[in-house]
Number of protein chains: 2
Amino acid sequence: MPYVMVQIPNTPAPTKSPAPRPVPTSADVARLAGVSRATVSYVLNNTSAVRISEPTRRRVQEAAKELGYVPHAAARTLRAGHSRMVLMPTLPVPAGPLYSQFVHDFQGALSRLDYTVVQYGATGLRGDDAARAWAELRPVAVLVPTPGIGPEGVAILKRSGARAVVTLSPVAVEGARSVRLDHADVGHSAAAHLYARGRRRIGVVVPEEPGMEVFSTPRLAGVRAALHGTDATVTELPLVYTEESAAALAARWRDLGLDAVFAYNDEYAMLLMRALQDEGLRVPQDVAVIGADDLVLGRLLRPRLSTVRIELPSGRDLAWLLDEAVRDPMAAPASHQQCVATVVHRDSS
Amino acid sequence: MPYVMVQIPNTPAPTKSPAPRPVPTSADVARLAGVSRATVSYVLNNTSAVRISEPTRRRVQEAAKELGYVPHAAARTLRAGHSRMVLMPTLPVPAGPLYSQFVHDFQGALSRLDYTVVQYGATGLRGDDAARAWAELRPVAVLVPTPGIGPEGVAILKRSGARAVVTLSPVAVEGARSVRLDHADVGHSAAAHLYARGRRRIGVVVPEEPGMEVFSTPRLAGVRAALHGTDATVTELPLVYTEESAAALAARWRDLGLDAVFAYNDEYAMLLMRALQDEGLRVPQDVAVIGADDLVLGRLLRPRLSTVRIELPSGRDLAWLLDEAVRDPMAAPASHQQCVATVVHRDSS
DNA sequence: TTGAAAGCGGTACCAA
DNA sequence: TTGGTACCGCTTTCAA
């Protein structure tokens, strides 16, 4: 039992040297102001159904300030039976610029709708265990930004009081509003593009960083699906996000005999493209390169980087979707949003 | 009163059509298993101080599973008087790769130490109000990754039970462990470098994206400080992170008469450098360019981008620091960590 | 081995 | 206009 927090109301700590003053409660405020806890609650929440005299009001506020009183969210939530917390599990990998922007917008929009967004540090739990961990916090809504939850998980959350569960997932999840987002589409688009441009021996970069498989596996699968039944071949290319790893891959490029590569995303594409060029290979003549995510930086390369742009819903739209779902959990989702993946053809492919 | 959660224990909802079953509690589990709530608690928490017979144990577990019981974190926290939650306010701007990586590591390390990290969506509150909002959650520790808290805020958090407050801040904050991190150092290093390379008319990119001033202001101030009293001039260059904005800036570059630019960070630097080159300016002959953050991608440019590397503490180190502070809040911080900014001189300056 | 009951900090009903 | 008080869900003595 690591941290015993000694709670000794109204009594200076006994012998322990660094007496940790107990946290002030509304009862302390009431006592200091000479009123009841009820009155404190009324004043501090500006309860409109109740009129409190101005002098009393002031006394309470001064007492609260003097004690440095801060209400206890857990107690309030417990009593109220609900909260305005929207929970979003953090990604299993460091976020890219696209996703960071999305989260930022999403949070901003929900703040304006008077929700509190909380990103919950994934503890390595999976599936239903993860759902249970989230459910312990009794959020009013949950946004799962990966295909990391099934109907079971959704049921757990709803049974625990969540009024809305929104997922970004390739398949609709029973009970949740799912915005369809399939990373296989990205791979599919990239592969179809390369194939249409006459490429047949196609490499696919697979990042070796742990956790990345959540995204890289479907992207690779999309490539395979697009090329299935054609005369094209698919070659997996493990790559770490370092210059050295890219150089090593480029060094054995001629042996691989590939004429195109889908580089997972723009960042890996930029890394690899530079290494290929340093190796004396011409892009796109010797090898076509395409990335994904349509980063600004990709446009700066020469040749300009072709990419697959994935149309994430704006954070604002998703916030509204979520709010609507919270307000009327039973309403059928108006329309099944879908994130489309479109090729942005520039000069590298 | 938007969401009235009707709690009718042991009674099917009355008339309301989509009967929202009340969330199951440990009392429900107890009832179904035919035991007391105490026993349920013992079983579900594997309380070692108490022996529960195997049959009872199983009955409880089955009842819990059948009801889909999930314990209520707020209730537990309230009763226990403390939690293992580490709160970290989200940045006011979308995170860059450097910070994303840091947060990821930090979370992973704290998870292993059995903490739960929660990124709290900033609601636009500032200073002490923000501190109060964080304090409502009664976190065991708070990491403030910006200079967004003062001694007052720290006091509020500590009075509310936080056993540790850690800040990444240019100045030590009374009561908190501060890892010294001053973005002015970044500007200072960049400016000193450019000056040493003989540059005298120095531009400083100032991102126009809202919220960015948290970082851009000190970086600019650092440049000014480094050049104060010399014969060099400093010119602010507002820039939006788009090709168009960069092109517009580059178009009037010759009129500006600058021979060097500190571009806020590597991403802006890459953007601007490309625009300058497209305008026919030679880097570094006509204009020296230096960024910051030492991104991998900067090394891929030609000329390779000079940069200022800022040595963030590793997430793991900071997690340990925090854990130590939690375990012994009174102990003086062993050593004042400091994030140094060092110039990585490559070819663009 | 199990149960009864107190109490964590707030809120909101009902009385005064 | 205010105070008393019964909860919210869970843990943890103390008794049985």
Side-chain angles (χ1 to χ4, degrees), chain A residues 1 4-10 22-31 33-60 64 67 69-83 135-138 160-161, chain B residues 1 3-10 22-31 33-60 64 67 69-83 135-138 159-161:
Chain A
M1 184 184 296
V4 184
M5 177 172 281
V6 189
Q7 295 275 11
I8 310 175
N10 310 326
V23 180
T25 73
S26 77
D28 297 322
V29 176
R31 206 160 11 238
V35 298
S36 75
R37 293 163 60 205
T39 305
V40 170
S41 178
Y42 295 143
V43 171
L44 266 32
N45 296 309
N46 274 313
T47 308
S48 51
V50 161
R51 300 266 148 264
I52 301 287
S53 71
E54 204 44 53
T56 306
R57 190 174 287 275
R58 215 183 3 262
R59 282 221 316 288
V60 169
L67 292 177
Y69 169 72
V70 175
H72 194 309
R76 192 204 304 266
T77 295
L78 186 58
R79 174 62 227 232
H82 62 89
S83 75
E136 291 193 0
L137 297 189
R138 297 290 191 272
S160 302
Chain B
M1 187 186 294
Y3 313 112
V4 183
M5 179 172 279
V6 188
Q7 294 277 12
I8 312 176
N10 309 326
V23 180
T25 72
S26 76
D28 297 323
V29 176
R31 206 155 17 230
V35 299
S36 74
R37 294 161 59 206
T39 306
V40 171
S41 178
Y42 294 144
V43 171
L44 266 32
N45 295 310
N46 275 311
T47 308
S48 51
V50 159
R51 299 268 149 262
I52 301 288
S53 71
E54 203 44 52
T56 306
R57 189 174 288 275
R58 217 185 356 267
R59 285 220 314 288
V60 169
L67 292 177
Y69 169 72
V70 175
H72 194 307
R76 190 200 303 258
T77 294
L78 187 57
R79 173 63 227 232
H82 61 90
S83 76
E136 290 194 1
L137 298 189
R138 297 289 190 272
R159 250 192 322 245
S160 302

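Here the structure is a predicted model, which means the values were calculated and not measured.
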Self-check item: Phosphate OP1/OP2 of C:dT2: any B:T56 side-chain N/O under 4.0 Å
Solution: yes
Exercise. Report the C-alpha separation of A:E136 and B:R76 in whole Å, then their side-chain angles, then the decisive distance to 0.1 Å, and conclude whether the side-chain contact (heavy atoms from CB on, under 4.5 Å) test is met.
Key: CA-CA 10 Å; A:E136 291 193 0; B:R76 190 200 303 258; 4.3 Å; yes
Self-check item: Short side-chain N/O contact to D:dT2 OP1/OP2 from A:S36, under 4.0 Å
Solution: no
Quiz item: Considering all heavy atoms of both residues, which atom of A:V40 and which atom of A:V60 are nearest to each other, and what is their separation?
Solution: CA-CG1, 4.1 Å
Self-check item: Reported OG-to-OH distance for the pair B:S160 and A:Y69, which is rounded to 0.5 angstrom
Solution: 10.0 Å
Quiz item: For A:S41, which residues count as a side-chain contact (heavy atoms from CB on, under 4.5 Å) partner, sequence neighbours excluded?
Solution: A:N45
Exercise. Can you tell me the distance, in whole Å, between the NE2 atom of A:H82 and the C1' atom of D:dC8?
Key: 12 Å
Self-check item: Results of side-chain hydrogen bond (donor to acceptor under 3.5 Å, both in side chains) for A:R57 - residues two or more places apart only
Solution: A:N46
Exercise. Using atom CD of A:E54 as one end and atom C1' of D:dT1 as the other, report the distance to the nearest whole Å.
Key: 13 Å
Quiz item: Considering only D:dT1, C:dG9, D:dC10, which nucleotide approaches the side chain of A:R51 most closely?
Solution: D:dT1
Quiz item: Between atom CZ in A:R31 and atom P in C:dG10, what is the gap in whole Å?
Solution: 12 Å
Quiz item: Partners of A:S53 by side-chain hydrogen bond (donor to acceptor under 3.5 Å, both in side chains), sequence neighbours excluded?
Solution: A:T56
With 3.5 Å as the limit, what N/O pairs link the protein to nucleotides 5-7 of chain C?
residue, atom, partner, partner atom, Å
C:dG7, N2, B:R79, NH1, 3.2

Exercise. Specify the angle, to 10°, made by the local axes at the two ends of the helix from C:dT1-D:dA16 to C:dA16-D:dT1 when five pairs are taken at each end.
Key: 40°
Quiz item: Looking only at heavy atoms, which two atoms of A:A73 and B:L137 are closest? And how far apart?
Solution: CB-CD2, 3.7 Å
Exercise. Tell me whether the OP1 or OP2 atom of C:dT11 has a side-chain N or O from A:S41 closer than 4.0 Å.
Key: yes
Quiz item: Can you name the side-chain contact (heavy atoms from CB on, under 4.5 Å) partners of B:L78, sequence neighbours left out?
Solution: A:H72, A:A75, A:L78
Self-check item: Phosphate OP1/OP2 of C:dT2: any B:S53 side-chain N/O under 4.0 Å
Solution: yes
Quiz item: Can you name the residues that form a side-chain contact (heavy atoms from CB on, under 4.5 Å) with B:R58, not counting sequence neighbours?
Solution: B:E54, B:E62
Self-check item: Short side-chain N/O contact from A:S26 to OP1 or OP2 of C:dG10, under 4.0 Å
Solution: yes
Quiz item: B:T39: what forms a side-chain hydrogen bond (donor to acceptor under 3.5 Å, both in side chains) with it, not counting sequence neighbours?
Solution: B:S36
Exercise. Name the residue closer to the 5' end of DNA chain D, choosing between A:A49 and A:L78 according to the nucleotide with the nearest heavy atom.
Key: A:A49
Quiz item: Any side-chain N or O of A:T39 under 4.0 Å from OP1/OP2 of D:dG3?
Solution: yes
Exercise. Round to the nearest Å and state the distance from A:D28 atom CG to C:dG10 atom C1'.
Key: 13 Å
Practice problem: May I ask you to say what B:V29 touches in the nucleic acid, namely base, sugar-phosphate or nothing, with a heavy-atom cut-off under 4.0 Å? | Solution: nothing
Practice problem: Kindly compute the distance separating CZ (B:R37) from OG1 (B:T25), expressed to the nearest 0.5 Å. | Solution: 7.5 Å
Quiz prompt | Between D:dG3 (P) and A:R59 (CZ): distance, integer Å | solution = 8 Å
Exercise. Let me know the distance between CZ of A:R57 and C1' of D:dT2, rounded to the nearest Å.
Key: 13 Å
Quiz item: Roughly, in whole Å, what's the span from CG in B:N45 to P in D:dG9?
Solution: 17 Å
Strictly under 3.5 Å: I want the nitrogen or oxygen pairs between protein and nucleotides 14-16 of chain C, one per line.
none

Quiz item: A:E136 has an atom CD; how far is it from atom C1' of D:dC8, in whole Å?
Solution: 17 Å
Quiz item: For A:R59 and A:G34, which heavy atoms make the closest approach, and how far apart are they?
Solution: NH2-O, 4.1 Å
